[in-house]
Amino acid sequence: MQKSNIYDVIVVGAGHAGCEAALAAARIGCKTLLLTISADTIGLMSCNPAIGGLAKGQLVKEIDALGGEMAKATDATLLQFRLLNTRKGPAVRSSRAQVDRQLYRLYMKSVVEGQANLDIKESAVEDILVRNGSVEAVATSLKESFPAKTVIITPGTFLNGLIHIGLEHSFGGRIGERNSEALARTLKNLGLKMGRLKTGTCARLDGRTINFDKLAVQHGDEDVIPFSSLTHRISREQLPCYITYTNKRTHEIIRENLDRSPLFTGKIKGTGVRYCPSIEDKVYRFPGRDRHHIFLEPEGLNTHEYYPNGISTSLPVDVQEKLIHSVVGLEHTKIIRPGYGIEYDYADPTQLYPTLETKGIKGLYLAGQINGTTGYEEAASLGLMAGINAGLKVKGKPPLVLERSEGYIGVLIDDLVTKGTNEPYRMFTSRVEYRLLIREDNADLRLSRIGYEVGLVEEKRHKEVIRKKENIDNALNHLKGTKLEKALRRPGVSYGGLVAIDDDFGLSPDEIKEVEIEVKYEGFIKRQLAEIARFGKIEHIKIPENIDYSKIHGLSSEIKEKLTKIRPLTLGQASRISGVTPAAISILMIYLDKLRRQ
């Protein structure tokens with residue numbers, strides 16, 4: 001095979017993870033191929049038409065700061081914007097947007113198709129060819145073979161996907177689309193430890209048959225904050241969402257039909273999403289609750305479809321109709337598409353390095369739901385990082401691994417590769433130790449430099465962030481030790497009011513926000529910085545990849561087994577493995593010190 005015919009990076013799957021991975025690799029300058037079962041579904045949202053949310057908004061802002069595409073796609077197709085947790089501190093505030101489901105898909109498809117260095121082919125990958133422990137090529141159902149230096153697998157829910165509606169099931173990765181059985185077998189044959197997870201989606205309703213007069217209206221925020229720092233303003237008119245509730249009759253219908261639910265009859269074997277359960281699961285688990293929220297979300301500008309967020313279900317269609325018709329405002333609503341549950345294969349993420357490269361096969365990366373996550377934002381984050389690291393590997397450059405103190409993406413990956421998961425992993429602010437430092441609002445200040453260094457952020461944008469940082473620092477220095485600074489520390493005092501007193505700063509609204517947060521939370525910020533410095537002593541102590549834990553005296557057999565399985569790259573990562581004690585870390589630190597002296 002001629003060298004010119006070898007791709008630097010091949011990405012399998014074109015969902016949120018696949019799009020970000022392919023774009024990142026191509027933008028770094030790698031010859032990239034994106035393989036998908038259907039080119040018409042590039043970037044398609046399988047579930048609710050929304051981006052962001054609690055902790056997820058932070059991920060999207062970080063994707064943007066590193067040079068990814070999700071934030072720009074959201075801004076371009078936004079239907080409604082809301083900033084969540086506004087009554088709480090800045091550490092836990094998160095942006096959420098309703099988007100036009102089809103426009104989002106078309107936007108992402110257009111960006112991917114127009115990207116230099118990126119080819120797209122519609123074909124189902126069935127085999128991954130490996131030689132001497134390194135990935136060599138992929139083979140498709142059309143008997144094609146594509147040689148590659150690195151391969152990124154992003155199959156979403158398509159890997160051995162099984163769709164459930166009532167007691168009937170069918171093979172598919174999404175309703176109406178075939179799954180990837182052959183690829184699932186290939187990954188198992190390559191020695192990857194696989195498991196089974198479950199997720200689901202709601203029915204789609206005909207908005208023309210919904211009685212909106214009976215429902216509470218939920219409008220978006222007047223002040224729309226763009227997800228991308230490249231978007232200066234979003235001025236389009238927003239669409240409202242609507243709120244209704246299940247009731248006692250709804251719950252009775254569900255309880256009466258649990259014997260027809262694949263969840264409660266053992267048909268579904270995979271573990272479901274703990275924090276986003278189906279409506280039948282919620283009714284069963286919380287028998288004392290008289291009602292549950294239903295948020296009716298528009299699917300787009302040019303469709304009548306609504307997504308009833310809150311009643312994900314895999315019950316039979318006739319039961320879905322009964323329970324929906326029992327809800328106020330939905331008494332005569334027509335179902336356009338039924339809800340369904342889906343089981344799919346995933347790979348134990350402890351088999352991955354923090355770069356998302358598999359430990360057993362060089363050049364093979366996994367990203368998205370195959371890593372055990374749930375959600376568009378988590379998938380896109382993993383895809384971006386896999387694309388970056390595959391590209392850097394091809395170019396012979398050091399990999400990019402974000403620390404837990406650097407970003408939500410760092411926490412996400414560290415949790416997965418260090419602790420693993422036996423249920424769909426969802427990001428929460430509570431998982432993040434340093435959330436006051438790695439807020440949504442300062443993602444560009446934290447990560448744009450890194451995006452610039454890996455080649456994804458353009459120089460003009462990088463310089464704008466540097467200028468923004470300088471303006472903030474100058475204002476903070478100007479305030480330091482003054483009466484204005486002391487006044488700003490008081491509750492209810494805003495920086496805008498101080499500007500009226502001292503108008504020498506000339507800051508933008510974003511810069512004003514940063515200055516205010518830095519002053520008001522200075523004590524907490526210093527405390528978290530001190531914690532990072534203290535833990536940083538072990539966080540950066542590297543562990544050789546070929547270390548033989550069996551030779552380290554003083555470690556229990558259980559701890560040796562866990563360290564051998566996870567193979568942490570640093571002492572910090574080792575300290576977060578479940579069951580690895582502080583005493584074991586001390587023993588390991590002494591052993592590493594001896595190795596360095598030899």
Side-chain angles (χ1 to χ4, degrees), residues 7-27 30-47 68-70 73 101-129 135 137-148 150-161 163 171-187 342 344-347 356 364-371 373 376 379-380 382-384 386-387 390-391:
Y7 282 100
D8 294 322
V9 181
I10 290 180
V11 179
V12 179
H16 302 286
C19 287
E20 294 291 354
L23 289 171
R27 288 168 177 172
C30 294
K31 184 182 178 184
T32 306
L33 172 65
L34 178 61
L35 289 166
T36 174
I37 292 175
S38 172
D40 291 331
T41 58
I42 291 172
L44 179 64
M45 295 176 162
S46 300
C47 203
E69 195 67 30
M70 177 173 267
R101 186 167 176 260
Q102 291 301 332
L103 288 182
Y104 186 98
R105 173 184 67 85
L106 292 171
Y107 172 96
M108 196 62 80
K109 187 173 188 287
S110 174
V111 170
V112 169
E113 288 177 342
Q115 178 60 51
N117 299 321
L118 178 56
D119 293 338
I120 303 169
K121 288 188 181 293
E122 187 174 280
S123 196
V125 172
E126 293 189 338
D127 200 6
I128 300 167
L129 308 179
V135 73
V138 300
T140 75
S141 58
L142 299 177
K143 309 304 179 186
E144 303 163 294
S145 180
F146 298 101
T150 61
V151 173
I152 305 172
I153 307 296
T154 69
T157 58
F158 281 69
L159 206 61
N160 217 11
I163 292 170
F171 297 102
R174 189 162 41 214
I175 199 160
E177 299 178 52
R178 63 188 172 117
N179 66 4
S180 300
E181 292 181 70
L183 181 57
R185 285 195 299 272
T186 291
L187 293 173
I342 181 166
Y344 56 94
D345 286 355
Y346 82 107
L356 302 180
L364 179 63
Y365 294 75
L366 308 182
Q369 283 179 278
I370 190 174
N371 294 357
T373 61
Y376 309 143
L382 295 171
L384 175 68

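Remark: the backbone N or O of Gly368 is paired with a side-chain donor or acceptor of Thr373 at under 3.5 angstrom. When atom types are taken as modelled, the side chain of Arg27 and the backbone of Gly68 share no donor-acceptor pair closer than 3.5 angstrom. Although no hydrogens or angles enter the test, the distance criterion places a donor-acceptor pair under 3.5 Å between the side chain of Thr186 and the main chain of Ala182. The closest donor-acceptor contact from the side chain of Thr154 to the backbone of Gly13 lies under 3.5 Å. Within the 3.5 Å criterion, the main-chain N or O of Cys30 finds a donor-acceptor partner in the side chain of Thr32. A donor-acceptor pair under 3.5 Å links the side-chain atoms of Thr157 to the main chain of Gly173, judged by distance alone. Looking at Thr140, its side chain never comes within 3.5 Å of a backbone N or O of Val125 through a donor-acceptor pair. Side chain of Glu69 to backbone of Glu20: no donor-acceptor contact under 3.5 angstrom is found. A donor-acceptor pair under 3.5 Å is formed between the side chain of Thr150 and the backbone N or O of Asp8. A side-chain donor-acceptor contact under 3.5 Å links Tyr376 to the backbone of Cys47.
When side chains are defined from C-beta on, Ile37 does not count as touching Asn179, because their heavy atoms never get closer than 4.5 Å. Contact check for Ile10 versus Val135: no side-chain heavy atoms found under the 4.5 Å cut-off.
Nearest heavy-atom pair across Ala184 and Asp345 is CB-OD2, 3.7 Å. Taking both residues in full, the closest heavy atoms of Ser141 and Glu126 are given as CB-OE2, 3.3 Å, listed atom of the first, atom of the second, then distance. For Ser145 against Pro147, the heavy-atom pair with the smallest separation is O-CD, 3.7 Å. Listed here is the closest heavy atom pair of Ala367 and Ile152: CB-CG2, 4.3 Å. Summarising the geometry of Ala22 relative to Leu34, their closest heavy-atom pair is CB-CD1, 4.2 Å, with the distance given to 0.1 Å. In this structure, Ala39 and Glu122 approach most closely via the heavy-atom pair N-OE1, 2.8 Å.
Rounded to the nearest 0.5 Å, atoms OG (Ser38) and CZ (Arg178) are 9.5 Å apart. Within the model, atoms CD1 of Ile128 and CG of Leu183 stand 5.5 Å from one another, a figure rounded to the nearest 0.5 Å. Between the CD atom in Gln115 and the OG atom in Ser110 there is a gap of 11.0 Å [rounded to 0.5 Å]. Of the inter-residue distances, the one linking Leu44 atom CG with Leu106 atom CG reads 10.0 Å to the nearest 0.5 angstrom. Atom OG1 of Thr41 sits about 5.0 Å away from atom CD of Glu177, to the nearest 0.5 Å. For the atom pair CG (Asn160) and OH (Tyr344), the distance works out to 13.0 Å, reported to the nearest 0.5 Å.
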Checklist entry - Passes side chain to side chain contact (heavy atoms under 4.5 Å, CB included), His16 versus Met45? Steps please. => result CA-CA 8 Å; His16 302 286; Met45 295 176 162; 4.1 Å; yes

Checklist entry - Could you go step by step and tell me if Leu159 and Ile153 meet the side chain to side chain contact (heavy atoms under 4.5 Å, CB included) rule? => result CA-CA 10 Å; Leu159 206 61; Ile153 307 296; 5.6 Å; no

Checklist entry - Passes side chain to side chain contact (heavy atoms under 4.5 Å, CB included), Ile175 versus Ile342? Steps please. => result CA-CA 9 Å; Ile175 199 160; Ile342 181 166; over 6 Å; no

Checklist entry - What do the steps show when you test Arg174 against Phe158 for side chain to side chain contact (heavy atoms under 4.5 Å, CB included), and what is the final call? => result CA-CA 7 Å; Arg174 189 162 41 214; Phe158 281 69; 3.9 Å; yes

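A search for salt bridge (charged side-chain N to carboxylate O under 4.0 Å, His left out) contacts involving Glu181 returns nothing, not counting sequence neighbours.
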